[in-house]
There are 2 protein chains.
Amino acid sequence: MKNPIADLNKIFDSRIRLGVMSMLVVNDEISFNDLKQMLELTDGNLASHLNTLEQAEFIKVHKGFIGRKTSTTYSITALGKQAFKAHLDALEKMIRKL
Amino acid sequence: MKNPIADLNKIFDSRIRLGVMSMLVVNDEISFNDLKQMLELTDGNLASHLNTLEQAEFIKVHKGFIGRKTSTTYSITALGKQAFKAHLDALEKMIRKL
DNA sequence: AAAAGTGCTTTGTTTTTCAAAGTTAAATAG
DNA sequence: CTATTTAACTTTGAAAAACAAAGCACTTTT
């Protein structure tokens, strides 16, 4: 037997970062505000988790406009998709025994 | 759309507690030592996570003997099984979109 | 001009994690 | 029979992470 948790990615230990990634996997782009409302977070809390994901290069920011109003959106990167998938595979392997 | 992380159990945010539960789901009883070696943890760290799971009544302790040597083993409770399953269902629901 | 919204950053508190060392009791080695 | 080792903890303390609240720059709406 081998350590069942060794292949889990530490970045995805956080429910919030898991939630962000799971949303970005199915939506090409999501705004800061939508993430905030969906996950029911304060600005600061969300911003810092997004920062962590950005540092890891798992997500990308796009600063743009909707009309003339600023709008920041986020999208998943190829690396992020890969890391997220690897994490889910590790999770699945861990619990497949069920 | 609703908050995708609302149904995740906070207790299982920890990779270690996840690992313990996943091991106890497939093994009726596991010793402290086996858990420690499998998950590569220090005594104190493992003990405190086991404590958290015990407080939640997700696992049960059995103090017994192997010959005349003490041996502490842990097993999952019905409540623990249920909570773990609910967590996995929530996880699956969250990522099934993939 | 005032109020409100967007997307942050900063600050400080609370919570969580974890390692290290100490502890008790039994087992084994010398 | 004394010394060391092992099992399973508890306690202590430090480091890291999570989080809320407030502040801020800029813009839009009223």
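The structure displayed is predicted, hence computed values, not measured ones. Chain letters run A, B, ... following the sequence lines, proteins first and then strands; every chain starts at 1.
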TODO: Could you tell me which residues satisfy side chain to side chain donor-acceptor pair (under 3.5 Å) with Asn33(B), sequence neighbours excluded, listed by chain and number?
DONE: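 Asn33(B) satisfies side chain to side chain donor-acceptor pair (under 3.5 Å) with no other residue.
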
- [ ] Not counting sequence neighbours, which residues clear side chain to side chain donor-acceptor pair (under 3.5 Å) with Ser75(A)? List them please.
- [x]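 Listed in chain order: His62(A).
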
- [ ] Scan residues 5-25 of chain B for pairs that pass salt bridge (charged side-chain N to carboxylate O under 4.0 Å, His left out), counting only residues two or more places apart or in two chains.
- [x]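 Every salt bridge (charged side-chain N to carboxylate O under 4.0 Å, His left out) pair that includes a residue of residues 5-25 of chain B, provided the two are not neighbours, is Asp13(A)-Arg15(B), Arg15(A)-Asp13(B), Lys2(B)-Asp7(B).
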
Nearest-angstrom distance from the residue atom [atom1] of [X] to [atom2] of [N]:
X        : N       : atom1 : atom2 : result
Asn33(B) : dA26(C) : CG    : P     : 18 Å
Asp43(A) : dT6(C)  : CG    : C1'   : 8 Å
Leu41(A) : dC19(D) : CG    : C1'   : 10 Å
Asn45(B) : dC18(C) : CG    : P     : 5 Å
Lys36(B) : dC9(D)  : NZ    : P     : 11 Å
Leu46(B) : dC9(D)  : CG    : P     : 9 Å
Lys63(A) : dG7(C)  : NZ    : P     : 8 Å
Asp34(B) : dA8(D)  : CG    : P     : 9 Å

Open item on the list: Within residues 9-20 of chain A, which residues have any heavy atom lying less than 4.0 Å from an atom of DNA chain D?
Closed with: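 Correct list: Ser14(A), Ile16(A), Arg17(A).
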
Task: Interface residues of residues 52-61 of chain A with DNA chain D (non-hydrogen, below 4.0 angstrom) - done: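 Result for residues 52-61 of chain A: none.
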
- [ ] Take the angle between the ring planes of Phe32(A) and Tyr74(A) and call it parallel below 30°, perpendicular above 60°, tilted in between.
- [x]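 Geometry flag for Tyr74(A) against Phe32(A): tilted rings.
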
Task: Partner set under side-chain contact (heavy atoms from CB on, under 4.5 Å) for Glu54(A), not counting sequence neighbours - done: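 Expected list: Ile59(A), Val61(A).
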
- [ ] Could you tell me whether a side-chain N or O of Asn27(B) sits under 3.5 Å from a main-chain N or O of Glu29(B), the two making a donor and an acceptor?
- [x]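 Here the side-chain-to-backbone pair does not exist.
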
- [ ] Identify whether the distance between the nearest side-chain nitrogen and carboxylate oxygen of Lys93(B) and Asp89(B) falls below 4.0 Å.
- [x]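 No, this pair does not count.
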
TODO: Please determine which of Asn45(A), Asp43(A), Thr42(A) meets the side-chain hydrogen bond (donor to acceptor under 3.5 Å, both in side chains) test together with Lys36(A).
DONE: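 Result for side-chain hydrogen bond (donor to acceptor under 3.5 Å, both in side chains) with Lys36(A): Asp43(A).
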
Counting only side-chain N and O atoms of [X], is one of them less than 4.0 Å from OP1 or OP2 of [N]?
X        : N       : value
His49(B) : dC18(C) : yes
Ser31(B) : dA7(D)  : no
Thr42(B) : dC18(C) : no

Open item on the list: Could you tell me if the side chain of Phe12(B) sits less than 4.5 Å from the side chain of Leu91(B), heavy atoms only?
Closed with: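 No, too far: nothing below the 4.5 Å cut-off.
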
- [ ] Identify, between Asn51(B) and Gln37(B), the residue whose nearest nucleotide on DNA chain D lies closer to the 5' end.
- [x]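 The 5'-side residue here is Gln37(B).
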
